[in-house]
Amino acid sequence: MNVVFMGTPKFAVPTLEALAQAGHEISGVITQPDAMRDRGKKLQPTPVKEKAVELGIPVYQPAKIKNNEEFLATLKELAPDVIVVAAYGKILPAEVLIIPPLGCVNVHASLLPKYRGAGPIQRAILEGEEKTGITIMYMAEGLDTGDMLSKAETSIEKKTAEELTEELALMGGKLLVETLPLLESGEIQGEVQDDSLATYAPMISKKDGQIDFEKSAVEIERQVRAMIPWPGAYTYYKGELFKIWEASTMDETGNNAPGTVTAASGDGIVISTKEGSLVAKTVQIPGKKRVSAADYLKGNSIELLRVLG
RNA sequence: CGCGGGGUAGAGCAGCUGGUAGCUCGUCGGGCUCAUAACCCGGAGGUCAGGGGUUCAAAUCCCUUCCCCGCAA
């Protein structure tokens with residue numbers, strides 16, 4: 001099939017690869033414009049652009065999609081049978097959605113209708129879901145509201161958002177190439193989403209990483225996993241940023257105020273919470289690398305009974 | 001050239017108002033102990049990221065290269 005692919009971050013790359021590997025003719029790749037991504041450096045291409053260039057596919061990076069006649073014309077010229085979208089980063093207007101005969105198909109990282117939106121993976125972890133997955137769906141004008149075509153599941157367990165993203169990305173590419181032929185032959189039809197079950201997963205922001213020790217240790221541990229690789233779960237120790245990259249929980253709540261450091265050893269830095277205690281296993285302070293609690297304590301002292309936050 | 005922190009023994013850090021380097025952990029040897037990831041004694045281990053400069057003398061001051069990281073995006 002003649003496919004136009006739209007995607008931006010790392011998550012979208014395996015889908016692009018899967019499409020190419022499945023032998024589809026990818027006439028164009030649309031991705032976000034290059035932007036300043038790293039410190040000090042200059043413009044950086046998106047992961048999808050890098051892969052597209054590697055595959056020798058023409059790349060388009062329109063600054064905007066809406067009311068962009070030139071882009072619309074280009075898209076029509078590419079004459080895709082279907083447009084595949086994976087974490088592109090912008091809402092597609094109706095005039096784009098109607099271009100491909102087979103429609104626009106989205107690879108979404110949740111089991112819709114739950115977790116519509118830009119942060120489905122992290123939100124599923126935060127909420128303590130046992131499983132999540134991939135939904136391949138038609139795109140509609142609403143946010144992730146289109147009819148569903150296929151799904152695949154995986155368990156969350158103690159995975160981090162980074163691990164889940166990688167896993168789901170691969171899963172998404174696989175499921176997509178399995179779904180496309182069925183779509184082309186008309187063997188499957190979209191299943192309408194039950195809006196009453198829908199939840200919204202807003203994009204993760206820096207602030208989502210701030211730890212609130214008034215929550216339970218279990219919730220905070222989920223937050224730690226959900227904030228990997230970005231922005232990282234953090235609190236403050238003596239006014240300085242203190243990130244926790246890996247943690248476990250203990251049942252003991254104790255009598256200390258939430259956020260109090262109650263113990264520090266090679267096994268971890270124990271912090272009391274509203275319910276249970278959090279044991280920080282891997283931490284990081286500004287300008288330094290992530291280190292195990294044991295390594296951290298070799299050269300840094302931690303004041304017991306100090307309250308973090 | 002977005003702002004900033006940092007590269008010192010295997011690991012994590014101190015020293016940085018210049019005079020050949022120190023702490024904690026680990027490691028090796030010994031001692032104590034019923035016993036120990038405990039304690040005591042002793043030892044090994046460092047071109048102080050690379051290059052250049054200032055100086056009688058630089059980890060410490062100046063210039064530069066490489067690498068790591070926090071913030072901001």
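Because only heavy atoms are used, hydrogens play no part in the values below, and waters and symmetry mates are left out as well, while side chains stay in. Residue numbers begin at 1 in each chain, while the letters A, B, ... track the order of the sequences.
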Could you tell me the separation between the OH atom of A:Y296 and the P atom of B:rG12, rounded to a whole number of Å?
-> 14 Å

A:T199 vs A:R123 side-chain heavy atoms within contact, under 4.5 Å | no

Taking atom C1' in both B:rC40 and B:rU36, compute the distance separating them and give it to the nearest angstrom.
-> 15 Å

Taking CD from A:Q44 and C1' from B:rC1, how many angstroms apart are they, rounded to a whole number?
-> 15 Å

Using atom P of each nucleotide, how far apart are B:rG15 and B:rA9 to the nearest Å?
-> 15 Å

Can you tell me how far P of B:rG7 sits from CD1 of A:I285, to the nearest Å?
-> 12 Å

Separation of B:rA73 C1' from A:M203 CE (nearest whole Å) = 12 Å

Which of these, A:Q193, A:E129, A:E127, sits in a side-chain hydrogen bond (donor to acceptor under 3.5 Å, both in side chains) with A:K114?
-> A:E129

Please give the nucleotide sitting opposite B:rG4 as a Watson-Crick or G-U wobble pair, both distances under 3.5 Å, or none.
-> B:rC69

Given that both distances must come in under 3.5 Å, which nucleotide forms a Watson-Crick or G-U wobble pair with B:rC13?
-> B:rG22

Closest listed nucleotide, where the reference is the side chain of A:K288 and the choices are B:rG70, B:rC13, B:rA73 = B:rC13

Nucleotide opposite B:rG29 in a Watson-Crick or G-U pair, distances under 3.5 Å | B:rC41

Quick one: is the NZ or CZ of A:K206 closer than 6.0 Å to the six-membered ring centre of A:Y234, and within 45° of its axis?
-> yes

Whole-angstrom distance between B:rG5 and B:rC61, as gauged at atom P = 13 Å

Which whole-number value in Å describes the distance from A:Y236 OH to B:rG70 P?
-> 14 Å

Is any side-chain heavy atom of A:Q223 closer than 4.5 Å to a side-chain heavy atom of A:I211?
-> yes

B:rG12 versus B:rU27 - spacing of their C1' atoms, nearest Å | 16 Å

Same-atom distance (P) from B:rC3 to B:rU47, integer angstrom | 35 Å

Phosphate contact (B:rG70 OP1 or OP2) by A:Q284 side-chain N/O below 4.0 Å | yes

Which of A:K90, A:M137, A:H108, A:M139 passes side-chain contact (heavy atoms from CB on, under 4.5 Å) with A:V85? Answer is A:M139

NZ/NE/NH1/NH2 to OD/OE distance under 4.0 Å, A:E221 and A:K158 | yes

How far, in whole Å, is B:rG51 from B:rG7 if one measures between their C1' atoms?
-> 16 Å

Under-4.0 Å side-chain N/O to phosphate OP1/OP2 contact, A:K243 with B:rC71 | yes

Given atom CG of A:L43 and atom P of B:rG2, what is their separation to the nearest angstrom?
-> 10 Å

Side-chain N or O of A:K289 closer than 4.0 Å to phosphate OP1/OP2 of B:rG5 | no

Roughly how many Å is it from CG in A:N300 to P in B:rG5, rounded to a whole number?
-> 18 Å

Can you figure out which of B:rA11, B:rA73, B:rA14 approaches the side chain of A:K298 most closely?
-> B:rA11

On a whole-Å scale, what distance lies between the P atoms belonging to B:rA38 and B:rC28?
-> 13 Å

Mind calculating the distance between CZ (A:R290) and P (B:rC68) to the nearest angstrom?
-> 14 Å

What distance, rounded to whole Å, do you find between the two P atoms, one in B:rC13 and one in B:rA72?
-> 22 Å

